Every structure is written in C-alpha cells, then in structure tokens.
Amino acid sequence: MSDNQNLLAEQRRALILDEIRRRGGVRVNELTRKLNVSDMTVRRDLDALARQGMVEKVHGGAVPVSEPSAHEPGFEVKSSLELSAKEDIAKAAAEMAAPGSAIALAGGTTAFALAQRLLDVPDLTVVTNSVRVADVFYGAQRAAAGGAGPRAGAATVVLTGGVRTPSDTLVGPVADAAIRSLHFDVLFLGVHGISVEAGLSTPNLAEAETNRHFVRSARRVVVLADHTKWGTVGLSSFATLDQVQVLVTDAGLPAEARAEFAELPPELVVAGEPSAATDL
C-alpha cells in the first residue's frame with residue numbers, strides 16, 4: 001500500500017489521536033484502512049505519539065493516556081490537534097467581533113486560529129497575552145504595509161507582557177496588572193478543560209490567575225473549546241460556567257454533553273453544523 005501523501009505527518013497524527021480518544025483505543029490495521037497508509041507509517045505515528053506521552057502503545061494498537069491535571073502541553077503539540085474543529089470554531093467566533101470594538105484574545109491555539117480570521121475586521125483594538133496571536137497581527141500589518149506603515153483600519157494590538165508559559169502565553173503579575181486596568185467588549189478565551197463541576201480550568205496556576213482578570217474585565221465572555229475539552233479538568237479552575245455568555249464548540253461534541261448544556265447558562269454555538277447557533 002502506498003502512503004497517502006495528501007496528509008502531513010502532524011495532521012495524520014492528530015487524526016489518529018482523535019480516533020483513539022473518541023473510541024478509547026484503535027488497532028493498527030484499522031488505522032491503515034482508514035488513513036490509506038502503510039502499516040509502517042501507522043506504527044511510526046504511534047511511536048511519535050507515545051514519545052510525546054499522548055497515547056500508550058498496546059499489542060496491535062494504542063489506547064489513550066490520562067493526562068495528569070498539572071500537565072501542560074506545548075504550543076506546537078496542541079496546534080497539531082483538532083485542526084478542522086479549530087478552524088470551524090474560529091470561523092463562527094469571528095462573526096462575534098464587531099468592527100471598532102475592543103476585544104481580548106487569551107492565549108491558546110484556537111485563539112491563534114481566530115486571530116487569523118479577524119485580520120479583515122476593521123478598527124479593532126486587540127489586547128492579548130499570546131505572543132503567537134500578537135505575531136499574527138504584526139505580521140499581517142508588515143506584509144500589507146510593505147514597510148510604509150499600517151494600513152487603514154488595521155487592528156491596534158496591545159501585548160500584555162509577563163512570564164511565558166509552554167503554550168507561549170504571557171502570565172503573572174505584569175500581565176495581571178495590564179489586564180486589570182482595561183475593559184473589553186468581548187473576551188475570546190480558549191481553555192484546557194471545561195466541565196459542569198469544575199467550570200473552566202487550566203494546569204497552570206499563574207495562567208489561571210491571569211484568566212480570572214480577563215473574565216472580570218470583559219462585558220461578554222466567549223469560550224472557544226473543541227469537543228475534546230469537555231469533561232477535562234486542569235489543576236486550577238478560574239471561572240464558573242455562569243460567568244460565560246457563549247460557548248463555541250464543534251460538531252464532535254457528544255449528545256450527552258449537549259444535554260448537559262441544556263441546563264447551563266451559556267449559549268451553545270456548534271460550529272460546522274447547518275444550524276450553527278442554539279440558544280439553550
């Protein structure tokens with residue numbers, strides 16, 4: 001069998017990881033059929049995922065690894081996961097950013113995807129604690145201007161400063177002080193985990209405190225969370241679900257989670273489905 005060259009290794013491994021998490025385990029021969037790649041390619045992918053601590057290899061296949069509540073993956077690892085879900089979420093969330101508004105973009109790979117969708121929204125003021133998000137706007141301004149200065153309507157970007165986390169997010173007292181002094185129309189917030197009991201959570205204690213300041217400073221909180229975040233609980237909770245106005249997720253959110261949300265305050269927006277918004 002010839003390898004499927006249409007998928008990059010990172011994309012293929014993200015699909016494999018999603019399949020393992022969704023089904024609780026898969027066999028090598030199932031993955032070779034599903035992805036149309038060789039047995040050797042699948043085994044190399046499973047080896048790579050196992051080295052990253054994301055799956056456990058078993059005879060003939062692999063099963064998911066339960067991550068400790070204090071484990072925080074790096075940006076590159078997280079950016080390769082749930083790619084299509086993040087794009088769907090970013091597309092839906094971008095419609096909630098009004099021209100001329102002041103928005104906050106907290107760190108994370110889904111916020112990074114959203115930033116790329118916001119480049120054409122005019123006259124935004126964007127406050128972020130994400131180095132990656134800031135680079136999206138700065139890079140677009142340099143490319144458009146050709147060195148002659150920012151284009152008309154380009155976003156004004158404020159990077160908070162602070163101590164850098166493994167996910168390239170700036171946290172700590174410097175970031176907290178900057179955020180406390182500001183007021184946002186909308187906060188777009190990615191999360192490590194979301195659950196009824198724990199609310200929004202992260203494995204990083206300093207990031208949890210910075211996120212608390214973001215939530216307090218925003219008139220409207222929009223959480224960006226793909227379906228794998230549901231039921232995940234990090235070390236520190238920083239907001240309850242009644243502090244959230246909108247949750248934007250993807251079509252992979254299981255039926256039981258949707259049923260739970262029927263009893264919760266946030267509006268649920270399921271991106272990638274024919275009817276994207278459902279008021280609950």
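Just so it is clear, the structure is predicted and the values come from calculations on it, not from any experiment.
Side-chain N/O atoms of Asp176 and Thr210 include a donor and acceptor closer than 3.5 Å. Between the side chains of Thr249 and Arg258, no donor N or O sits under 3.5 Å from an acceptor N or O.
Inter-residue side-chain proximity for Ser217 and Ile179 is flagged as met; some heavy-atom pair is nearer than 4.5 Å. No side-chain heavy atom of Ile89 sits under 4.5 Å from any side-chain heavy atom of Glu87. Within the 4.5 Å cutoff, side-chain heavy atoms of Ile16 are placed close to those of Leu46. You'll find the side chain of Leu35 reaches within 4.5 Å of the side chain of Arg12, heavy atoms only. Contact check for Val248 versus Val223: no side-chain heavy atoms found under the 4.5 Å cut-off. Within the 4.5 Å cutoff, side-chain heavy atoms of Val196 are placed close to those of Trp230. Here the side chains of Leu189 and Leu224 are not in contact, with every heavy-atom distance at 4.5 Å or above. Using a 4.5 Å heavy-atom threshold, the side chains of Phe112 and Ser130 count as separate.
Shown here for Leu241 and Ser195, the closest heavy-atom pair between the two residues is CD1-O, 3.7 Å. Of all the heavy atoms in Ala98 and Leu124, the pair that sits closest is O-CD2, 3.4 Å. Scanning all heavy atoms of the two residues, the minimum distance from Lys57 to Ala50 falls at CG-CB, 4.0 Å. Across all their heavy atoms, Val133 and Ala115 have their closest contact at CG1-CB, 3.9 Å. Considering every non-hydrogen atom in both Ala175 and Thr160, the closest pair reads CB-OG1, 3.7 Å. The two residues Ala92 and Ala271 make their nearest non-hydrogen contact at CB-CB, 3.9 Å.
Residues Leu15 and Val63 do not share a hydrophobic cluster, defined by chaining ILVMFWY side chains whose heavy atoms lie under 4.5 Å apart. In the hydrophobic cluster analysis, where Ile, Leu, Val, Met, Phe, Trp and Tyr join through side-chain heavy atoms closer than 4.5 angstrom, Val246 is grouped together with Leu118. One hydrophobic cluster holds both Tyr138 and Leu170 under the rule that ILVMFWY side chains link at heavy-atom gaps under 4.5 Å.
Of the inter-residue distances, the one linking Ile103 atom CD1 with Arg220 atom CZ reads 13.0 Å to the nearest 0.5 angstrom. Remark: Gln245 CD to Leu187 CG distance equals 9.5 Å, nearest 0.5 Å. A distance of 12.0 Å separates CZ in Arg43 from CG in Asp45, rounded to the nearest 0.5 Å. Here the CZ atom belonging to Phe214 is positioned 12.5 Å from the CZ atom belonging to Phe188, to the nearest 0.5 angstrom. Between the CG atom in Leu200 and the OG atom in Ser236 there is a gap of 11.0 Å [rounded to 0.5 Å]. Interatomic distance, CD1 of Ile20 versus CG of Leu49, reported as 6.5 Å (0.5 Å rounding).
No side-chain donor-acceptor contact under 3.5 Å links Thr41 to the backbone of Val37. A donor-acceptor pair is defined here as one N or O able to donate and one able to accept, closer than 3.5 Å; such a pair exists between the side chain of Lys229 and the backbone of Val191. Distance alone, capped at 3.5 Å, is enough to place a donor-acceptor pair between the Ser201 side chain and the Gly234 backbone. For Asp226 (side chain) and Lys86 (main-chain N/O), no donor-acceptor pair under 3.5 Å exists by modelled atom type. With hydrogens and angles disregarded, a donor-acceptor distance shorter than 3.5 Å links the side chain of Asp250 to the backbone of His227. Of the possible donor and acceptor atoms, one in the side chain of Thr32 sits under 3.5 Å from a partner among the backbone N and O of Asn29. Side-chain atoms of Thr128 come within 3.5 Å of backbone atoms of Leu105 as a donor-acceptor pair (strictly under, hydrogens ignored). Under the 3.5 Å distance criterion, the side-chain polar atoms of Glu263 are left unmatched by any main-chain donor or acceptor of Glu260.
Taking 4.0 Å as the cut-off between side-chain N and carboxylate O, Glu209 and Arg212 count as a salt-bridged pair. Using a 4.0 Å cut-off between charged nitrogen and carboxylate oxygen, Arg164 and Asp168 count as a salt-bridge pair.
Residue pairs meeting the side-chain hydrogen bond (donor to acceptor under 3.5 Å, both in side chains) criterion with at least one member in residues 88-104: none, sequence neighbours excluded.
Of the residues listed (Thr202, Asn129, Thr165), the one engaging Glu207 in a side-chain hydrogen bond (donor to acceptor under 3.5 Å, both in side chains) is Thr202, and it is the only one.
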